[in-house]
**Q** 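Can you keep this structure in mind? I'll have questions shortly.
A, B, ... follow the sequence lines: proteins, then strands. Residue 1 opens every chain. If you're wondering where the values come from, they're calculated on a predicted model, not measured in any experiment.
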Amino acid sequence: MKVITPEGDKVELLTVNIGPSHPATHGALRNFVALDGETIVASVPEIGYLHRGFEKMVERGTYQQVLPYTDRLNYCSAILNNIGFCHAAETMFGVEIPERATTLRVLLGELSRVIDHLVCVGAALVDLGALTNYWYFFNPREDIYKIWEKLSGARLTNAFTRVGGLYRDTYPGFEDEVRAVLPVVENAIGEVLKLVEHNRIFLDRTRGVAAISAERAIAYGWTGPCLRATGVDRDLRKDEPYMGYDTYDFQTVVGSTGDTYDRLMVRMFEMLESISICRQALDRLRPGPVNTSDARLSLPGQDKAYHDMEALINHFKLVYEGVRPPAGEYYGATEAGNGELGFLIVSDGTGRPYRVKVRPPCFTQFSAYHEMVEGGLVADSVACLSSLNIVAGELDR
Amino acid sequence: MTDLLTLPFLVTCAKFGLAFIPLMLLPFLIWGERKGASLIQDRIGPNRAAIPLMGGLRMFGFIHNMSDGIKLFFKESFVPAHAHKFWYFLAPMIPIIIAMLAPSVIPWFAPMTVQGPSGWVSISGQNLDADAGVLVLFALSGLSVYGVVLGSWASNSKYALLGGMRASAMMVSYEVSMGLSAAGIFLLAGSFGLTQIVEWQGSNPFLWGWALQPVGFVLFLVSLFAETGRPPFDVAEGESEIVAGYFVEYSAVRFALYYMGEYAHIVIASALVSTLFLGGYQVPFLPTETIRANLGVVGGGVLALLGLGVGAISLKIRRWARIYTTLKASDAADRAREYGFLATVSSVKAVVLLVSALAVGFLVRTTPAEVAGDLVHWPLWVNAATALVQLGVLLVKTAIICWVFIWVRWTLPRFRYDQIMSLGWKVMLNVALVNLLITALVAKLLVGGR
């Protein structure tokens with residue numbers, strides 16, 4: 001491709017499609033680049049290859065039926081999406097969910113965050129060529145998935161929460177299994193840190209690569225670990241506490257330069273913080289109901305529905321029409337694996353959402369992608385992409 | 001005609017079999033790579049493919065090589081429409097041709113003297129005993145870049161082109177530091193001939209190349225990693241960046257040729273490192289003449305070591321078999337049968353080896369056939385047996401270096417292309433030059449030089 005620069009020089013550029021089917025674009029993203037040698041002169045990212053119409057699909061079901069769809073947003077940490085949606089929906093009703101449900105949500109959410117970061121850092125290291133770390137991370141991930149399997153019956157798409165509580169209570173021995181898995185994760189993080197922390201190749205590949213300033217990151221609307229890597233101390237769990245996060249003792253991990261190294265390390269150390277939150281949540285876990293007793297939201301028990309006319313009607317209406325929030329616009333946001341996962345729900349008072357708009361954290365991060373990779377090498381663009389943790393399911397919805 | 005069929009001629013002909021050593025080691029290396037990776041990565045590794053005998057013989061994943069080979073050879077040999085046909089067909093042959101040619105200069109055993117019709121003839125352990133010696137190997141290894149560059153250009157694909165660019169630049173750069181880092185050894189040995197270099201190193205492991213040229217050893221090993229395109233220098237393939245680099249458009253048997261060429265290159269590179277820096281065919285503490293004079297003891301010792309090793313493997317397999325039966329595997333009975341069979345075979349092998357070790361140790365007595373001046377001539381069978389022992393030792397050294405290749409691959413991340421170039425030109429070249437200078441100065445001051 002012949003190009004004339006603003007200075008009037010003619011240059012020969014090589015145009016290459018990186019993606020949508022490429023080993024480094026986990027999922028389906030397209031990055032159309034113009035190369036001068038190996039240097040990326042221009043980059044045009046394109047999204048939409050995994051667009052499934054999430055926002056339209058959820059309009060045809062009840063609020064409870066949205067949950068399985070949210071699993072497929074950031075499929076690396078399905079439970080965090082479930083929590084995000086339920087949190088937003090519960091603000092519409094203004095209900096308080098029981099203590100045990102909140103604590104379990106915190107516990108499962110933080111474990112999901114650990115999985116999310118394990119996948120992100122593991123895959124990022126694979127893209128850097130360090131394949132072994134992937135298995136060091138995926139073995140503990142498998143242990144957590146076994147817990148998921150017992151808990152919800154699903155490994156990837158758990159759909160474990162409900163508006164007003166949880167799908168069900170935990171199984172006997174759940175707490176012991178979680179307690180057993182936490183040191184395994186810590187051990188894996190330690191092993192991977194040993195492999196990469198002082199590794200000159202890793203440092204050369206990540207330090208100063210695809211850096212972004214805090215101002216630019218905020219201008220693009222970044223949130224989550226990627227924003228914290230630029231040095232901004234912003235974490236919804238601290239700044240706008242929900243589910244009682246303000247009562248837990250944990251630190252926000254903050255980077256300094258906003259480069260690939262910082263993004264990966266912020267995730268690495270956030271996992272340790274999440275594990276500490278998990279331990280605190282386990283200590284607080286007391287027996288109790290996991291669903292709110294609010295009749296607007298939760299089904300009456302079987303015995304009541306069979307013997308009580310009002311309860312039967314309530315059951316019928318809840319199943320047939322769905323839970324019915326008051327009309328209005330609501331926005332609820334939680335700190336998901338990638339950052340602020342927001343749901344803007346417009347309700348017209350019926351049992352089905354009039355409009356659901358997702359604010360996916362990946363979207364803002366991928367918007368800045370071209371700016372970060374231009375001027376770098378092809379290898380840098382790959383390292384940058386995986387450190388941003390672009391999950392196509394969440395990006396394209 | 002009868003003049004041709006003399007003993008030295010026949011021995012020289014037999015030596016051509018040595019050209020196949022890298023190819024014969026390929027299945028073991030590929031199996032070692034896969035199982036080594038799984039060992040490092042806390043997983044089980046390949047173990048599914050089986051020969052349908054006795055409920056499936058899996059041989060600990062070794063069958064996967066055969067199934068891979070069969071699959072690749074019988075697949076449709078697809079040629080992209082946009083490829084330049086002639087060069088596209090030619091390119092994958094180059095690495096494998098070089099893999100067949102390169103072992104010709106590596107001495108696999110010590111030179112031997114053989115009785116010919118007109119007196120004793122010295123036969124070297126190399127097929128090509130040229131004065132240029134290792135330079136031939138460097139030249140061949142430099143040629144291997146043609147396979148990569150031709151293939152990438154002929155594929156007419158952008159990713160392949162990027163891979164070819166990377167490969168050509170990298171291989172040319174590292175050729176320089178490879179030659180310079182080995183130059184210290186040539187200087188000290190006073191020869192380019194690999195047999196002379198090995199003879200100069202002697203049989204004391206602490207006087208081998210690695211001890212006299214530690215910096216050169218490390219630099220040479222790193223240059224070889226780059227030369228073979230192995231991780232962390234695998235930018236030419238760059239899985240996650242440029243998909244598969246130069247062979248992205250190759251499939252079926254042509255891909256297999258590239259693949260085999262790459263692994264054969266590793267074997268040759270390991271054999272070269274062993275030859276230059278690890279004493280080559282020299283058995284530690286046992287000079288060639290000592291082995292020939294005490295063939296019974298040495299041969300018995302080698303056989304006994306082999307027998308003990310095989311016996312240990314047999315015990316290990318029995319232990320695995322016992323563990324397997326406690327697992328809830330659906331094929332526990334089949335595996336128990338296979339493990340039992342393999343363990344029995346290895347035990348029988350171990351017993352045979354140990355018995356033959358005893359027999360060799362007690363029965364074999366060698367005496368020089370003829371002493372001519374300060375040269376001692378041995379009968380052909382003594383020479384051949386010694387050559388076997390030395391070949392075995394060189395193969396063990398080669399296997400150790402091959403393991404280093406595997407180990408490094410699964411430990412380190414990949415370099416970036418420009419970082420490889422700056423490492424090659426700005427660091428390794430300078431260190432190699434300084435190393436050569438210091439070696440030359442010390443050699444001149446201490447020895448007086450040649």
**Q** Does NE2 in B:His82 sit with more than 12 non-hydrogen atoms of other residues, nucleotides or ligands closer than 6.0 Å?
**A** yes
**Q** A:Phe138 versus B:Arg43: any side-chain heavy-atom pair under 4.5 Å?
**A** no
**Q** Take atom CH2 of B:Trp320 as the centre, draw a 6.0 Å sphere, and report whether it contains more than 12 heavy atoms from other residues, nucleotides or ligands.
**A**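 Yes, because the 6.0 Å sphere around CH2 of B:Trp320 holds more than 12 heavy atoms from other groups.
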**Q** Counting only heavy atoms not in B:Tyr146 (residues, nucleotides, ligands), do more than 12 fall under 6.0 Å from its OH?
**A** no
**Q** Between A:Ser386, A:Gly37, A:Ala379, A:Ala24, which residue shows the highest count of heavy-atom pairs closer than 4.5 Å to chain B?
**A** A:Ala379
**Q** Is it true that atom CD1 of B:Ile44 has more than 12 heavy atoms of other residues, nucleotides or ligands lying nearer than 6.0 Å?
**A** no
**Q** Hey, what do you get for CG (B:Asp42) to OG1 (A:Thr132), rounding to the nearest 0.5 Å?
**A** 9.5 Å
**Q** Using a 6.0 Å cut-off, check whether atom NZ of B:Lys85 has over 12 heavy atoms from anything other than its own residue.
**A** yes
**Q** Go through the atoms of A:Ile18 and report whether side chain, backbone, both or neither lie under 4.5 Å from a heavy atom of chain B.
**A** both
**Q** Do B:Leu412 and A:Leu195 make a side-chain contact, defined as non-hydrogen atoms from C-beta onward lying under 4.5 Å apart?
**A** no
**Q** Taking all atoms of both residues into account, what is the closest heavy-atom pair of A:Tyr136 and B:Ile40, and its distance?
**A**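 Scanning both residues completely, I find the closest heavy atoms to be OH-O, 2.9 Å.
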**Q** Can you tell me how far the CZ atom of B:Phe415 sits from the CZ atom of A:Phe202, to the nearest 0.5 Å?
**A** 14.0 Å
**Q** So which part of A:Thr15 gets closer than 4.5 Å to some heavy atom of chain B, the side chain, the backbone, both or neither?
**A** both
**Q** Side chain from CB out, backbone as N, CA, C, O: work out which of these in A:Asn17 comes under 4.5 Å of a heavy atom of chain B, or both, or neither.
**A** backbone
**Q** Which answer fits A:Asn139, side chain, backbone, both or neither, if we ask what part of it has an atom under 4.5 Å from a heavy atom of chain B?
**A** side chain
**Q** Contact between A:Asp204 and B:Arg416 at the side-chain level, heavy atoms closer than 4.5 Å - yes or no?
**A**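 Side-chain contact under 4.5 Å: no.
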**Q** Can you name the residues of residues 111-119 of chain A that have some heavy atom under 4.5 Å away from a heavy atom in chain B?
**A**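 Those residues of residues 111-119 of chain A which would need a heavy atom under 4.5 Å from chain B do not exist here.
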**Q** Verify the neighbour count for atom CZ of B:Phe225: are there more than 12 heavy atoms of other residues, nucleotides or ligands below 6.0 Å?
**A** yes
**Q** Counting only non-hydrogen atoms closer than 4.5 Å, does A:Val126 touch chain B with its backbone (N, CA, C, O), its side chain (CB onward), both, or neither?
**A** backbone
**Q** Could you measure the distance from the CH2 atom of B:Trp410 to the CG atom of A:Leu131? Nearest 0.5 Å is fine.
**A**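 The CG atom of A:Leu131 is 5.0 Å from CH2 of B:Trp410, to the nearest 0.5 Å.
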**Q** Within a 6.0 Å radius of atom CZ on B:Phe28, are there more than 12 heavy atoms belonging to other residues, nucleotides or ligands?
**A** no
**Q** For residues A:Ile201 and B:Arg414, report the shortest heavy-atom separation together with the two atoms involved.
**A** CG2-O, 3.5 Å
**Q** For A:Arg179, does the CZ atom have more than 12 heavy-atom neighbours from other residues, nucleotides or ligands under 6.0 Å away?
**A** yes
**Q** With a 4.5 Å limit on heavy-atom distance, are the side chains of B:Val243 and A:Pro23 in contact?
**A** yes
**Q** Check each of A:Thr206, A:Asn199, A:Leu203 against B:Pro413 using the side-chain contact (heavy atoms from CB on, under 4.5 Å) test, and report the only one that passes.
**A**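 Of the listed residues A:Thr206, A:Asn199, A:Leu203, the side-chain contact (heavy atoms from CB on, under 4.5 Å) partner of B:Pro413 is A:Asn199.
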**Q** Is there side-chain contact between B:Met165 and A:Glu38, with heavy atoms separated by less than 4.5 Å?
**A**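 Heavy-atom side-chain distance check fails, nothing below 4.5 Å.
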**Q** Residues in side chain to side chain donor-acceptor pair (under 3.5 Å) with B:Ser77, at least two apart?
**A**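 Partners of B:Ser77 by the side chain to side chain donor-acceptor pair (under 3.5 Å) criterion, ordered by chain and then number, come out as B:Arg254.
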